[in-house]
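Everything below concerns the one structure shown next.
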Amino acid sequence: RSHIPLSGRNPALHEALGIRPHVLVLNKMDLADPRRQPVSGGAGQGRAGPAVVSQAGDSGASSRPLQAVVPMVARLVADGPRYHRAESSEHNILVIGVPNVGKSSLINSLRRLHLKKGKATAVGGEPGITKAVLSRIQVCEQPLMYLVDTPGVLPPRLGDVETGMKLALCGAIHDHLVGEDVMADYLLYTLNKQQQFGYVQRYGLDQPCDRIEPLLKHMALAQGRTQKVKVLTGTGNVNMMMLNYPAVAYDFLRDFRAGRLGRVTLD
């Protein structure tokens with residue numbers, strides 16, 4: 001995923017690939033910071049294999065990078081050693097990566113592009129939609145190519161907290177496991193650090209803010225997001241209306257993921 005061209009890779013998968021022919025696909029490039037795109041593209045060279053960047057969607061200009069995937073894979077397979085492989089003209093390709101980076105969407109896009117057929121595998125905006133290795137899905141006739149969708153796999157242990165936060169912001173880790181408020185705080189820090197102040201105009205602020213609490217309070221008041229909370233007092237339980245900070249924190253994260261806060265690359 002182009003938001004996290006480096007953090008979005010599982011080192012264990014990279015080691016397992018070894019000398020096997022493989023292609024790195026960075027999707028949703030239209031949501032990444034164009035000033036940092038050369039870093040994203042160059043990050044795919046060397047041992048990681050050739051890189052392809054694609055945008056969300058599969059029509060018009062956004063389909064051009066996808067058109068390079070099938071010929072590139074076919075060429076890599078043809079040029080690579082054919083260990084323990086029967087002579088066959090068909091290609092069987094495994095699609096692997098961390099959760100929620102668009103593996104299923106890539107398969108569906110290639111299928112629509114080359115076969116003009118509809119969705120073959122379920123997609124969603126949260127990790128864990130694909131729960132098992134699925135059957136082969138044909139994506140091209142010439143050359144005959146099948147892709148196999150797989151569940152996302154995270155490394156058993158993340159290298160550092162910041163890598164984990166980046167993965168969580170992009171939906172590779174369930175929000176509730178990290179905490180929407182913690183993720184929103186890190187997102188605000190990152191936006192300010194990169195001088196990405198699209199949130200100021202988006203939420204009608206007078207100026208950028210350093211702390212997440214004033215931002216969430218402003219959003220909750222502007223949107224009327226409140227929740228009823230039961231408070232235990234000396235005379236019994238009392239229902240009080242309070243600002244719903246978790247709800248607006250989630251809205252903040254959702255706006256980032258949809259590109260409504262500007263084009264951002266976290267790495």
**Q.** Main-chain N/O of L115 paired to E141 side chain as donor or acceptor, under 3.5 Å
**A.** no

Q) Less than 4.5 Å apart, any side-chain heavy atom of L188 and any of Y199? A) yes

Q: Taking the side chain as every heavy atom from C-beta outward, state whether L215 and L205 have any atom pair closer than 4.5 Å.
A: yes

Q. Is it true that a side-chain atom of R9 and a backbone atom of P5 form a donor plus acceptor pair closer than 3.5 Å?
A. yes

Q: Decide whether Y186 and E162 meet the rule of one side-chain donor and one side-chain acceptor closer than 3.5 Å.
A: yes

Q) Where the side chain of R225 meets the backbone of Y245, is there a donor-acceptor pair that is under 3.5 Å apart? A) no

**Q.** Q223 side chain reached by D251 side chain, heavy atoms, under 4.5 Å
**A.** yes

Q) Hey, are the side chains of L261 and Q196 touching, using non-hydrogen atoms and a 4.5 Å cut-off? A) no

Q. For the side chain of R263 and the backbone of M29, is there at least one donor-acceptor N/O pair under 3.5 Å apart?
A. yes

Q: Measure from the side-chain N and O atoms of T265 to the backbone N and O of D33, and report whether any donor-acceptor pair falls under 3.5 Å.
A: yes

Q. Got a second to check how far D160's CG is from M165's CE, nearest 0.5 Å?
A. 11.5 Å

Q: Look up atom CG in L113 and atom CD in Q67, then write down how far apart they are to the nearest 0.5 Å.
A: 5.5 Å

Q.
Looking at P143, is its backbone amide N or carbonyl O close enough to the side chain of H91 to form a donor-acceptor pair, meaning the two atoms are under 3.5 Å apart?
A. no

Q | Pairwise side-chain contact, C140 with L110, heavy-atom cut-off 4.5 Å (strictly under) | A | no

Q | Gap separating the CG atom of N108 from the CG atom of D149, nearest 0.5 angstrom | A | 8.0 Å

Q. If only atom types and distance count, is the side chain of D185 paired as donor or acceptor with the main-chain N or O of R211 below 3.5 Å?
A. no

Q: State the CZ-CG distance between R111 and L147, to the nearest 0.5 angstrom.
A: 10.5 Å

Q: Would you indicate whether the side-chain heavy atoms of H114 and V139 approach each other to under 4.5 Å?
A: no

Q: Report yes if some heavy atom in the side chain of I212 is under 4.5 Å from a heavy atom in the side chain of Y189; otherwise report no.
A: no

Q.
Taking D175 first and then R257, would you say they form a salt bridge - that is, a charged N and a carboxylate O separated by under 4.0 Å?
A. yes

Q) Looking at CG of N92 and CZ of R136, how far apart are the two atoms once the value is rounded to the nearest 0.5 Å? A) 4.5 Å

Q. Sub-3.5 Å donor-acceptor pair from the side chain of N244 to the main-chain atoms of A220, do we have one?
A. no

(Q) Are L266 and F256 packed together at the side-chain level, in the sense that at least one heavy-atom pair is separated by less than 4.5 angstrom? (A) yes

Q) Is there a donor-acceptor pair closer than 3.5 Å between any side-chain N or O of K103 and the backbone N or O of V98? A) yes

Q | Nearest-0.5 Å distance that lies between atom CG in L243 and atom NZ in K217 | A | 7.5 Å

Q.
Please determine whether residues M241 and L216 belong to a single hydrophobic cluster, defined as Ile, Leu, Val, Met, Phe, Trp and Tyr linked transitively by side-chain heavy-atom distances below 4.5 Å.
A. no

